[in-house]
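Here is the naming used below: chain letters follow the sequence lines, and residue numbers restart at 1 for every chain. All values reported here derive from a predicted model rather than from experimental measurement.
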Amino acid sequence: MFVEVALDLPIDQTFYYRVPKVVSYLPEVGKRVIVPFGKNDLLKTGIILSIKDSIDYSPEKVKEIFDIPDNFPLFAEKTLELTKWISNYYCASIGETLFAFLPSGFVVSESFYIKLSNREISVNLTESEEKIVEILKSASGRLKLSSLRRKVKVSSFYQAIKNLIYKGIIVREEFIKTDLIPKEEFVVLKRLEKVRGKKEKELLQYLETLKKAKLSDLKRYGFTRQTVNKLVSKGLVEIIEEKTTIANKPQELIEKKEIELTPSQKRAFEEILEAKTKKFLLYGVTGSGKMEVYLKTAFEFVKRGRSVLILVPELLLTPELRARVESYFGSNIGIYHGKLSQKEKVSTWLKAVKGETKVFIGTRGAVMLPIKDLGLIIVDEEQDSSYKEQQKPYYHAREVAIKRSELDNFPIVLVSATPSVETYYRVKKKEIRKLELKERVSNVPLPYIKVVNLQKSKRFSIFSEELLKTLENTVKKGEQVFLFINRRGFFSTSFCLSCGFIVECEDCCVPLTYHKQEKQLICHMCGKRYKPIYRCPKCNARLEFKGYGTERVEEELRILYPNFKIVRLDQDTIKNPSTGARIIKDIKEGKYDVIVGTQIASKGHNFPKLTLVGVLMADLLGGAPDYMASERIFQTIVHTTGRAGRFKPGAAIVQTFNPELPAIKWAVEYKFNSFYEEELVARKLLNYPPFTKGVLVEFQLEKISSFQKIEKEFGKLKETLSSFFSIPDISPAPLPKVSGKYRFISFFRAVDERKLLSGIKILKKEFLNRFKGIRYKIEVDPVRIV
DNA sequence: AGCACGCCGACT
DNA sequence: GTCGGCGTGCTC
């Protein structure tokens with residue numbers, strides 16, 4: 001018997017191995033295998049793609065599997081199909097794709113131990129086997145496989161190892177608990193004794209009453225592993241591993257908090273259950289109760305024996321949200337996100353395999369969880385760009401989720417107040433059914449949004465008079481103000497600080513970027529170059545390329561209002577999770593008057609006392625100068641202003657130089673459909689997605705001089721690929737130099753998915769041939785172009 | 001991706 | 001004379 005195996009390599013090739021008579025478990029598609037690979041036969045982890053009786057490969061070159069360590073597949077057969085789609089569409093190998101999703105806790109290589117067992121050697125050993133035993137004895141019975149091999153140096157090393165394991169003379173230390181029930185570390189009290197350390201004393205006191213506590217719980221109460229270890233070394237406590245009870249409990253189905261639905265919520269809920277169509281967009285403003293609808297729907301699916309996966313953007317997976325979901329489903333839910341430890345990820349992955357946990361909530365990587373009986377996927381805040389993986393295989397979790405629901409034929413619900421233009425377009429094409437929640441659940445009206453035209457202020461300052469006046473009044477009333485600025489929002493765009501004029505490309509309607517070295521304005525969509533303009537064509541003021549970040553806003557505010565309690569909430573101040581949590585707690589408790597913050601502050605948290613939101617420079621919310629800038633401005637304005645007055649009426653002030661920009665105009669008037677329609681017209685006119693499929697190609701060059709070579713090759717490439725894509729010239733990236741590498745980009749467009757897929761195959765091959773030794777990336781459907 | 005094999009410059 | 005640079009070719 002042979003198996004076809006995918007390995008974590010960037011090549012479109014699978015490998016065949018012979019299955020020996022003795023393996024821990026039988027081969028099965030989707031299971032993990034440990035195989036020797038390459039000249040040195042280093043062990044690698046692979047995934048079984050198929051099982052064959054005969055193969056078309058010279059028999060003497062076929063190697064034997066080292067082991068199949070699990071009795072269950074780590075990828076469901078259907079998700080393997082999904083992987084193939086991802087690998088095709090996003091231009092990565094199958095192996096890379098599989099291993100991008102699989103928690104690395106499952107990946108074993110050379111670093112596990114071989115131990116001598118206690119059994120008497122009663123059978124005859126071959127020469128090689130003898131030698132292995134000898135060397136193990138001299139190393140007090142235990143060695144890493146890698147060092148054992150280095151020392152032994154016999155030809156049939158693995159054969160000998162496998163035989164010795166079979167004969168029971170040596171054992172392999174398990175790489176991962178094949179036991180499906182996750183184990184957890186408990187701290188048990190052994191005896192009491194006077195200790196000197198304050199923390200140690202506290203811990204002993206705590207354990208005196210409980211006798212036994214989960215290590216993870218202790219950590220939550222502020223005890224550290226170090227303290228526990230000290231007590232272990234003193235012999236007062238011990239750490240044991242025990243199966244957790246939670247995973248064995250079947251899904252609790254106590255609807256702890258009865259979800260009452262309003263009539264329009266009920267209509268949406270019922271329509272998903274009827275499932276006449278399979279794809280839905282749950283659409284409604286903040287506070288319209290979208291979450292209640294999807295949680296109730298999820299509950300109903302679990303009641304019918306199906307599992308549910310809820311995907312959320314990175315910043316949304318807060319303890320708050322978790323608590324809310326737990327209040328409906330009990331504690332037996334699977335949590336999965338990038339910041340979990342390897343062990344935790346493995347544990348959730350295994351929960352999915354086992355099928356006793358029915359509700360999973362996670363960020364983009366969770367989309368591949370091998371959930372048993374999966375019957376519904378919910379994608380909350382579907383427009384959020386954190387669903388796009390920014391590494392190979394650059395997949396978009398929303399798209400993968402849609403594909404997964406198609407392959408398994410179950411419903412999917414996208415949820416958003418400000419859907420992506422892509423999704424809106426699909427609704428328009430009737431590929432997705434829109435379920436709209438028109439009114440807010442509470443009677444609190446949406447915040448009144450006032451636009452302040454910065455062009456009309458006499459001289460430029462960060463705060464308009466109107467904003468300052470309202471800010472003072474709000475703080476006097478004892479309420480909070482949130483000033484929003486997106487610091488990452490300025491490249492060297494030619495942006496006039498006195499009238500807000502933005503210099504755009506005449507072909508692409510995208511802001512031009514000023515390049516210092518070349519002293520030129522360059523369009524990052526088509527690469528067209530323009531002579532720089534140093535004076536604003538509208539008001540003749542000098543064009544500046546500077547920006548205004550949170551720090552500067554905070555500083556100026558402190559000078560204006562020395563008595564206000566001001567706090568800054570951005571990547572810098574939130575870096576440390578515990579201080580971040582503290583700041584958020586303090587804000588909720590009303591310890592601050594004004595919060596100056598970036599995107600980070602505007603997501604996932606409800607600040608009850610917040611009644612005024614100020615958007616300082618709405619023009620900059622687009623971030624990168626690409627065709628999606630308008631969409632991002634729109635979404636950001638709606639989201640940030642929506643933070644105001646969740647519990648009592650609030651207001652928002654949007655400062656801008658361009659009040660006529662569609663993204664700003666329609667957002668503040670709450671005329672969302674008008675925005676989408678206008679945006680679609682613009683995209684159609686310029687042939688941008690969703691009317692085409694975009695591929696971002698990027699080169700990272702060590703020396704700028706190699707650009708000539710690349711450009712020449714690129715020219716030839718253009719000819720070969722022009723029947724699949726429209727390809728502009730290669731041009732410097734908006735961020736032309738990052739960590740010493742010179743970046744050049746080109747944005748390819750294919751008319752539809754079919755052209756894209758056939759074009760990508762050739763693209764990949766051509767790149768492999770032409771750009772050897774050059775760092776490049778190929779990203780399909782990029783969410784931003786920087 | 002990693003790693004080995006292979007053919008040309010500055011050094012004991 | 002050799003050590004070592006990284007170009008290219010392979011991995012079941």
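- Rounded to whole angstrom, the span from the NZ atom of Lys44(A) across to the C1' atom of dC3(B) amounts to 11 Å.
- Atom P of nucleotide dT11(C) and atom CG of Leu7(A) are separated by 13 Å, given to the nearest angstrom.
- Between Tyr742(A) and Phe707(A), the distance separating the two ring centers is not shorter than 6.0 angstrom.
- With dT11(C), dC3(B), dA1(B) as the candidates, the nucleotide lying closest to the side chain of Pro10(A) is dA1(B).
- Between the C1' atom of dC10(C) and the CG atom of Leu9(A) lies a distance of 11 Å, rounded to the nearest Å.
- Between the P atom of dT8(C) and the CG atom of Leu768(A) lies a distance of 13 Å, rounded to the nearest Å.
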Would you check, one step at a time, whether the test side-chain hydrogen bond (donor to acceptor under 3.5 Å, both in side chains) holds for Asp384(A) with Ser386(A)?
CA-CA 6 Å; Asp384(A) 197 287; Ser386(A) 75; 2.9 Å; yes
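- Each of dC3(B), dT11(C), dA4(B) was ranked by its minimum atom distance to the side chain of Leu42(A); first place goes to dC3(B).
- Listed by residue number, Tyr16(A), Tyr17(A) are the residues of residues 16-23 of chain A with a heavy-atom contact under 4.0 Å to DNA chain C.
- Shown here is Lys131(A), whose NZ atom has more than 12 heavy atoms of other residues, nucleotides or ligands within 6.0 Å.
- Distance Ile34(A) CD1 to dC12(C) P: 16 Å, rounded to the nearest Å.
- Atoms NZ (Lys39(A)) and P (dC3(B)) sit 13 Å apart, rounded to a whole Å.
- The CG-C1' distance, from Leu43(A) to dC12(C), rounds to 15 Å in whole Å.
- dG2(B) atom C1' lies 12 Å from atom CZ of Phe15(A), rounded to whole Å.
- For Phe747(A) and Tyr627(A), the gap between ring centers is short of 6.0 Å.
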